[in-house]
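Have a look at the structure below, then the notes.
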Amino acid sequence: MLSNKRIQELELVMEFEKVEECFKEVSSWIENVGRKRLKETINLDDSLEMLLQAQKQFREFDLVASEYCRRGQEALKKMNQWEDFSFVDVHSYRVKLRAYEDQLEEFCTQLDETRHRVCETVRLYEFFDKVRQGICCTEEGVKS
């Protein structure tokens, strides 16, 4: 039994090392690209035209970022089997796994929030633009 447990532990460690490469790539992208791009969308432009351009750029970024989030989440699913084992020797791997999970969860949440904020800001600007056009048309009709 002890031998079987040790073999299972080694198999999990080998699996973790494979999955860790994916985590490292996702983590690196999040830190070097993803977070910087999210910060760029904090201050959205004041004109509808500029805002629509920013929305287009964000959508392109969002496609790539969502793919990294998906890859990270798939890797995490592969490691869910670790919860069933209580080996002391794998504790350090669980700590790493938890750190990757926290980072991924935080980034994906920020991405979702930014996506929603950009969409709502565009909708608001479009509404105000229609109101402004309506007011201008009404004023021109009154002057005539």
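Atoms considered below: every heavy atom in the structure, side chains included; atoms not considered: hydrogens, waters and symmetry mates. Start at 1 with the first residue, then count along the sequence.
- Cluster membership check: Val131 shares its hydrophobic cluster with Leu124, using side-chain heavy-atom separations under 4.5 Å among Ile, Leu, Val, Met, Phe, Trp and Tyr.
- With hydrogens and angles disregarded, a donor-acceptor distance shorter than 3.5 Å links the side chain of Arg117 to the backbone of Thr41.
- The salt bridge (Lys or Arg N to Asp or Glu O under 4.0 Å) pairs that include a residue from residues 52-62 are Asp62-Arg115, where partners are two or more places apart or lie in different chains.
- In summary, Arg123 and Glu126 do not engage in a salt bridge, as defined by a charged side-chain N under 4.0 Å from a carboxylate O.
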Task: Worked verdict on Leu97 versus Leu76 for side-chain contact (heavy atoms from CB on, under 4.5 Å) - done: CA-CA 8 Å; Leu97 187 62; Leu76 285 172; 3.8 Å; yes
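- With rounding to the nearest 0.5 angstrom, the NZ atom of Lys39 is 9.0 Å from the CD atom of Gln110.
- The CG atom of Leu48 lies 9.5 Å from the CD atom of Gln55; values are rounded to the nearest 0.5 Å.
- Distance check, rounded to the nearest 0.5 Å: OH of Tyr125 to CG of Asp129 gives 11.0 Å.
- For Glu17, the salt bridge (Lys or Arg N to Asp or Glu O under 4.0 Å) criterion is met by no residue, not counting sequence neighbours.
- Heavy atoms of other residues, nucleotides or ligands lying less than 6.0 angstrom from CD of Glu120 number more than 12.
- Residues Val64 and Tyr68 form a side-chain contact, since some pair of their non-hydrogen atoms from C-beta on lies under 4.5 Å apart.
- Salt bridge Lys36/Glu40: absent, no basic N to carboxylate O contact under 4.0 Å.
- With sequence neighbours left out, Lys96 forms a salt bridge (Lys or Arg N to Asp or Glu O under 4.0 Å) with Glu20.
- In this structure, the side chains of Gln103 and Glu31 come closer than 4.5 Å at one or more pairs of heavy atoms.
- Side-chain contact check for Cys22 versus Lys78: every heavy-atom pair is 4.5 Å or farther apart.
- Note on Met50 and Phe128: separate hydrophobic clusters, where clusters join Ile, Leu, Val, Met, Phe, Trp and Tyr whose side-chain heavy atoms are under 4.5 Å apart, directly or indirectly.
- Here CD1 of Ile30 is found 11.0 Å from CD of Glu25. Values are rounded to the nearest 0.5 Å.
- With contacts defined as side-chain heavy-atom distances shorter than 4.5 Å, the pair Phe107/Val26 does not qualify.
- Hydrophobic clustering (ILVMFWY, side-chain heavy atoms < 4.5 Å, transitive): Ile135 and Phe127 are in one cluster.
- Arg35 is listed as a side-chain neighbour of Glu106, based on a closest heavy-atom distance under 4.5 Å.
- Taking OG of Ser27 as the reference point, atom CG of Asn32 lies at 8.5 Å (rounded to 0.5 Å).
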Open item on the list: One pair to check against salt bridge (charged side-chain N to carboxylate O under 4.0 Å, His left out): Arg71 and Glu74. What are the steps and the verdict?
Closed with: CA-CA 5 Å; Arg71 287 175 54 205; Glu74 284 179 4; over 6 Å; no
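- Side-chain contact between Leu38 and Phe58 is present, with at least one heavy-atom pair separated by less than 4.5 Å.
- The two residues Leu104 and Gly72 come nearest to each other via the heavy atoms CD2-C, 3.4 Å.
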Task: Steps toward side-chain contact (heavy atoms from CB on, under 4.5 Å) verdict (Tyr100, Lys24) - done: CA-CA 8 Å; Tyr100 287 130; Lys24 285 181 180 179; 3.5 Å; yes
